[in-house]
Amino acid sequence: MEKMLARGSGSSAARPRPRAVLMSVVAGVAVVAATVAVASRASAGTTLGSAATEKGRYFGAAVAANKLSDGTYVGILNREFNMVTPENEMKWDATEPSQNQFNYTNADRIVTHAQTNGMRVRGHALAWHSQQPGWAQNLSGTALRSAMVNHVTQVATHYKGKIYAWDVVNEAFADGGTGARRDSNLQRTGNDWIEVAFRTARAADPGAKLCYNDYNTDGQNAKSNAVYAMVQDFKARGVPIDCVGFQSHFNSASPVPSDYQANLQRFANLGVDVQITELDIEGSGSAQADNYGRVVRACLAVSRCTGITVWGIRDSDSWRASGTPLLFDGSGNKKPAYTAALDALNAGGGTPPPTTTPPTTTPPTTTPPTTTPPTTPPPGGGCTASLTLNQWQGGFTTNVRVTVGANPVNGWAVTLTLPGGATITNTWSAQPSGTAGTVTFRNVSYNGQLSAGATAEFGFQGVGTGPSGTATCSAS
Ligand code: G2I
């Protein structure tokens, strides 16, 4: 108020001029009105993130690691958004440029930025036909299937506990009216590649919501019907899936569908969360603003629509920059579309915010641990090993927990026998003696020295039937 008076009263501040007095009175009325409003309903959010939070949702943006040094960009990101999706940095070509050589540098920068600034992270994307590294593009059959399982396991394990939701599989259905799967090297490994990816992701990070994500599925059509049937089937058979992402890239050729909300709702009715994951709407002015308002209202009207992510921050950051599809202009100014989105978030009504049910932490198809992990260290030194098996048609992942007894150890070895026909394709955090039959897994350099009662975990995956039952553990 003092600033307003100073600006409005020119050189004479001692005695307010009539206009300044009027402003004081108007401001006083505004304060009273605001107080009444606060008393009757939740206060309006002043940013996209805070307004969405008041509706029990998040508002996110796709973020590029190389823009985190741009002050304007980071200023808007930190002020407005409370969820981030790495735009390219978690994709297969970025995280595993050579087979089994992982590079998390740029993705880690985004995750660290998010954590430091109180934002959550949507992981994007574990298995996708596009943006594969060259070595994966050249694989097929069992080799590609194993590489995919390894990739999902390694990346989801690296980010375990840090990801709100993973786009486990992206864009696996074809466009057009067939409702068929998209042809790709992954699809040619067998129709079950999607459920294998989901089961593998669940085994690696049981706390992350697992999503299927696609475009041109925003309204009811042959493609979204096919995704719907897949989700329905996964739910019926206990394949772990928690959410469906609707990319929502809109333009004049692909406008916001009239049945957008109804389509979100029918998926939600299958028992999954729905999310708007890559929103951008080409255009400008009030037409663009109206469309953004419609999208936000559709999400708010569906109680299991847990949040909205826009695919970039400023128009100049967009993959479709020429279509000026985002909420901030190239200089970082708020566009009418921003105001429409914020106003829609702040408007009354809508259904109650979604319940924040955590994903089921036990994969429905996971065999429970064959030995109960000891709650107290085994007496008299040594170690014990417990196995958790995640089995699917044709393949498995086994996680092993080593627990040290009453004396510290310098190393450990776990021996188990694989059923006939089973072959290990990949091991992490241990060194195996072989790939079939009776195999001994020894500690690697960083997890051999353990204090009394401490635990270490390692795992392996393979084709065929995985081992269950007990494993012997010996300490040195
Ligand atoms: O295509 C829009 C999106 C559709 N849904 C899945 C998203 O992952 C996808 O994102 C876009 C990124 O926004 C682009 O930034 O995916 C494109 C690739 O499919 C990304 O473009 C690529 C360029 O094609 C590359 O030349 C470039 O090296 O971005 C790379 C990194 O800047």
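Start at 1 and go down the list; that is how both ligands and their atoms are numbered.
For the salt bridge (Lys or Arg N to Asp or Glu O under 4.0 Å) condition, the pairs that include at least one residue of residues 274-292, sequence neighbours left out, are E282-R320. Residue pairs meeting the disulfide (SG to SG under 2.5 Å) criterion with at least one partner in residues 220-293, sequence neighbours excluded, are C211-C243.
A cation-pi arrangement is found for K223 relative to Y215, the charged atom lying closer than 6.0 Å to the ring centre and inside a 45° cone about the ring normal.
Residue-level contacts of ligand 1 at the 4.0 Å heavy-atom threshold are E87, N88, K91, H124, W128, Q131, N170, E171, Q247, H249, E278, W311, W319.
Using a 3.5 Å distance cut-off with no hydrogens or angles, the side chains of Q247 and N170 do pair a donor with an acceptor.
When each of T217, D218, N216, T277 is checked for a side chain to side chain donor-acceptor pair (under 3.5 Å) with S248, only D218 meets the rule.
For S50, the side-chain contact (heavy atoms from CB on, under 4.5 Å) criterion is met by T46, T47, not counting sequence neighbours.
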